[in-house]
Protein chains: 4
Amino acid sequence: MSDSQSRKERERQRRTEEILEAAEKVFTEKGFHRTTVEDVAVQAEYSVGTLYNFFPSKELLYQSMIEHRFQRLSDQMNALLAEAADPMDFLRRYIQGKIDLCYQHELFVKLYTQERMGDRFADSQLWKDKIEDLYVQFRRLLADNFRRGAAEGRFRRDITPEDMVSALEGLTDGFMYDWLADPNAFEYADKFEVMFELLVHGVGKPS
Amino acid sequence: MSDSQSRKERERQRRTEEILEAAEKVFTEKGFHRTTVEDVAVQAEYSVGTLYNFFPSKELLYQSMIEHRFQRLSDQMNALLAEAADPMDFLRRYIQGKIDLCYQHELFVKLYTQERMGDRFADSQLWKDKIEDLYVQFRRLLADNFRRGAAEGRFRRDITPEDMVSALEGLTDGFMYDWLADPNAFEYADKFEVMFELLVHGVGKPS
Amino acid sequence: MSDSQSRKERERQRRTEEILEAAEKVFTEKGFHRTTVEDVAVQAEYSVGTLYNFFPSKELLYQSMIEHRFQRLSDQMNALLAEAADPMDFLRRYIQGKIDLCYQHELFVKLYTQERMGDRFADSQLWKDKIEDLYVQFRRLLADNFRRGAAEGRFRRDITPEDMVSALEGLTDGFMYDWLADPNAFEYADKFEVMFELLVHGVGKPS
Amino acid sequence: MSDSQSRKERERQRRTEEILEAAEKVFTEKGFHRTTVEDVAVQAEYSVGTLYNFFPSKELLYQSMIEHRFQRLSDQMNALLAEAADPMDFLRRYIQGKIDLCYQHELFVKLYTQERMGDRFADSQLWKDKIEDLYVQFRRLLADNFRRGAAEGRFRRDITPEDMVSALEGLTDGFMYDWLADPNAFEYADKFEVMFELLVHGVGKPS
DNA sequence: CATGAATGAGTCTTCATTCAT
DNA sequence: CATGAATGAAGACTCATTCAT
């Protein structure tokens with residue numbers, strides 16, 4: 001009985017994820033509004049009705065998809081960072097991790113960026129908060145690393161760790177956007193050293 | 001006759017701009033899809049039909065609006081930078097200019113950021129190119145400044161000017177996004193020194 | 001200016017009524033749920049979109065249609081009763097008026113009866129109240145007639161005028177329903193004398 | 001074997017009635033269209049599929065439910081009337097029975113009234129006939145009573161028994177509708193004497 | 001027979017665009 | 001050119017019915 005129950009649950013879980021995968025594919029390719037529920041259904045190889053058995057609305061499907069992928073990427077990154085030897089290594093791992101993630105989930109990253117800016121669902125502050133929380137939590141991790149590094153004398157003390165996080169995120173995002181805007185212009189992966197260098201030492205000529 | 005013609009032209013130009021202003025207001029507030037053509041018409045105090053006498057479609061109206069504002073901001077920034085005394089002053093002016101611009105056109109900046117990421121009009125590569133061109137042209141200006149500064153011994157020579165532009169843009173955008181995401185969290189204007197410092201010297205402890 | 005305004009208004013009024021007529025035709029024939037908005041549109045020879053320019057939803061169109069017809073029938077009946085010479089004449093006019101009305105608006109009468117019973121729009125108590133008010137107001141008129149008649153010694157005094165109204169309405173409705181259920185079984189119009197007799201003297205053998 | 005067969009049959013009968021009870025509850029509360037098959041299933045504590053093992057469609061389930069309850073009420077009333085001592089007593093019993101029935105099955109009575117008016121299932125004339133037959137058969141019983149009463153000198157002879165039935169039904173229905181429309185306005189049960197009086201002697205002042 | 005997930009046809013509603021005045 | 005009513009294609013969502021387990 002418990003076995004059969006658990007099998008059903010697992011089955012449902014599997015289908016939920018199939019739908020989320022399909023949703024990610026079409027939503028990231030065409031955006032929320034240009035994607036119809038039927039597009040998702042076709043991609044998922046389920047009927048429209050079935051989608052509605054899993055998600056009560058197009059909007060919630062979309063949000064769930066973003067949450068789902070975000071959570072996974074977050075977990076992946078956390079696992080990577082957990083093994084960092086020291087603050088500098090942490091930084092290298094993060095930058096490299098972001099590069100990898102960007103290659104693997106290019107379209108999702110674009111979508112997420114838009115979503116973070118937009119007020120697509122102005123009435124759904126709850127959801128924005130949820131997503132924002134995940135991100136804030138993540139930045140806290142980065143800030144802690146800068147704080148530790150500063151204590152160890154590796155980073156400056158006249159700049160707050162939070163500002164350093166903004167710099168780190170901004171800088172890596174800047175290169176990322178350039179790459180996303182035209183992936184053929186250059187290889188994002190080749191920018192690893194440049195990003196690290198600029199973040200740590202800046203553009204100024206060392207005196 | 002030529003006078004009357006010109007007066008007509010000027011009149012038409014005036015109306016075009018009125019409509020573009022109205023479009024900017026509603027599009028930036030509600031986004032492209034949640035804004036109806038009638039919303040724009042009401043805001044512009046013209047009828048729907050009249051809007052179509054000036055712009056052949058909602059999409060082109062939207063695009064024109066973005067171009068229009070982008071061009072103005074670009075002009076404004078160019079004027080500001082033209083008076084720069086030297087590469088470092090140029091950098092300061094740019095960062096401060098971006099801050100000011102962000103305060104004056106918060107919503108537009110958000111919209112533009114989304115638009116740059118999104119492929120809202122995947123079929124309209126022409127438009128994307130046009131906008132991208134304006135931006136590329138702008139980045140060339142920034143790159144030239146870094147090149148000049150490097151020649152003058154103010155900036156590093158082991159990093160390409162183009163990469164420095166990415167760093168500059170990314171770093172300032174990073175703080176900007178943080179502020180746009182929650183304008184009450186801090187004052188963007190207060191970050192001037194931090195951004196400048198981080199860009200020039202990085203997060204690393206000077207040895 | 002005032003003329004043109006008024007012409008537009010009249011034009012709009014005319015169209016509104018056209019749509020209401022069309023709505024009455026299809027709604028009374030097929031019922032609310034089996035009628036699609038397109039059915040109404042086709043009948044009205046307007047497009048679906050145009051219907052929505054006049055009425056914000058199928059539900060409100062339906063309700064407006066009922067109100068509209070009800071109001072007209074009410075006016076008609078009031079005009080008829082206004083000329084009554086005395087309470088007995090009033091009674092005769094009312095019964096005859098109801099017969100006529102039933103012949104002219106058979107389907108509407110059926111629909112109204114259903115609607116009075118049903119809670120089709122449970123959330124729209126407002127509307128039910130509005131319709132009920134019109135009817136209550138009408139019953140008051142009937143009650144007043146019985147009161148007057150009782151004072152003049154034509155009607156019993158041991159029964160309240162309100163109960164007499166219930167009897168009048170019930171009795172005429174009873175025959176009406178029988179006729180509506182199967183209009184071929186007999187002629188409703190032929191029942192005038194019987195209804196009047198039964199109402200005034202009852203089924204009991206006069207002693 | 002015949003026993004086991006019969007047990008199975010009885011079991012099936014029991015379930016059928018359980019489902020009909022559940023159907024009555026939800027259909028009378030929400031109406032045919034606003035009730036989903038799942039609503040009935042939940043109420044009946046069976047699955048949707050099982051419902052379809054007993055009734056081939058929602059429509060037939062609905063019709064069966066009405067027939068089922070109608071038959072029971074009919075039986076109940078017949079039992080009551082069978083014991084009538086004379087035509088006048090019969091009349092009293094009938095009116096009182098209708099009052100009681102109305103209190104016990106208020107919602108069903110409302111539904112039945114609507115159904116009798118509406119052509120919900122215009123294509124299912126068969127069903128309408130079936131229901132109508134039950135009712136017609138019932139009216140015949142009432143007519144017979146009036147006929148007998150007239151022969152005994154209790155009722156008028158210048159009015160057909162059938163018309164008296166219409167009067168009886170209409171009059172009692174009239175008060176019933178008023179009560180159903182707003183059960184708090186008065187007590188239907190209190191109207192027994194008034195209804196009887198009006199039916200027998202009418203509203204006119206006895207001369 | 002019992003189950004309930006899957007199906008997809010059917011509806012209401014929106015809104016960009018047109019065009020007669 | 002200005003107007004705004006008319007249009008109808010398109011899309012989100014529902015729910016009666018089926019069928020594999």
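Chain A is the first sequence line, chain B the second, and so forth, proteins listed ahead of strands; every chain is numbered from 1.
At the heavy-atom level, D/Phe54 lies under 4.0 Å from the strands shown only through sugar-phosphate atoms.
With rounding to whole Å, D/Ile19 atom CD1 is found 8 Å from E/dA2 atom P. Between the C1' atom of E/dA16 and the CG atom of B/Leu60 lies a distance of 13 Å, rounded to the nearest Å. Going from atom CG of A/Asp39 over to atom C1' of F/dA10 covers 12 Å, rounded to whole Å. If you take CG of C/Leu61 and C1' of E/dC12, they are 12 Å apart, rounded to a whole angstrom. Nucleotide F/dA6 holds its P atom 10 Å from the CD atom of C/Glu18, rounded to whole Å. Residue B/Leu51 contributes atom CG, which lies 14 Å from atom P of F/dC1 at whole-angstrom precision. We find that NZ of A/Lys8 is positioned 7 Å from C1' of E/dG4, with the value rounded to whole Å. Straight-line distance from the NZ atom of A/Lys30 to the P atom of F/dA10: 13 Å, rounded to whole Å.
Salt bridge status for A/Arg72 with A/Glu17: present, with a side-chain N to carboxylate O gap under 4.0 Å. Ion pair C/Glu18/C/Arg14 flagged as a salt bridge, since at least one NZ, NE, NH1 or NH2 atom sits closer than 4.0 Å to an Asp/Glu carboxylate oxygen. With respect to C/Glu29 and C/Lys25, a salt bridge is recorded, a charged nitrogen being found less than 4.0 Å from a carboxylate O.
With a 6.0 Å radius and a threshold of 12 heavy atoms from other residues, nucleotides or ligands, C/Glu11 has its CD atom above the threshold.
Counting heavy atoms from C-beta outward, B/Tyr62 and B/Glu115 have side chains that approach closer than 4.5 Å.
Minimum heavy-atom separation, B/Thr35 to B/Val40: CG2-CG2, 3.9 Å.
Between A/Tyr46 and A/Phe54, the ring-plane angle classifies as tilted under the 30° and 60° cut-offs.
With C/Phe27 as the aromatic partner, C/Lys58 does not meet the cation-pi criteria of under 6.0 angstrom to the ring centre and within 45 degrees of the ring axis.
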Pairing annotation in dot-bracket form, given for DNA chain E with Watson-Crick or G-U pairs under 3.5 Å and | for cross-strand partners: .||||||||||||||||||||
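Applying the 4.0 Å criterion to OP1 and OP2 of F/dC1, one finds that B/Arg15 has every side-chain N and O outside that range. The phosphate of F/dC1 (OP1 or OP2) has a side-chain N or O of B/Arg12 nearer than 4.0 angstrom.
No donor-acceptor distance shorter than 3.5 angstrom exists from the side chain of C/Lys30 to the backbone of C/Thr36, with no hydrogens or angles considered.
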Base versus backbone protein contacts along nucleotides 15-21 of chain F [heavy-atom cut-off under 4.0 Å; B, S, -]: BSBB---
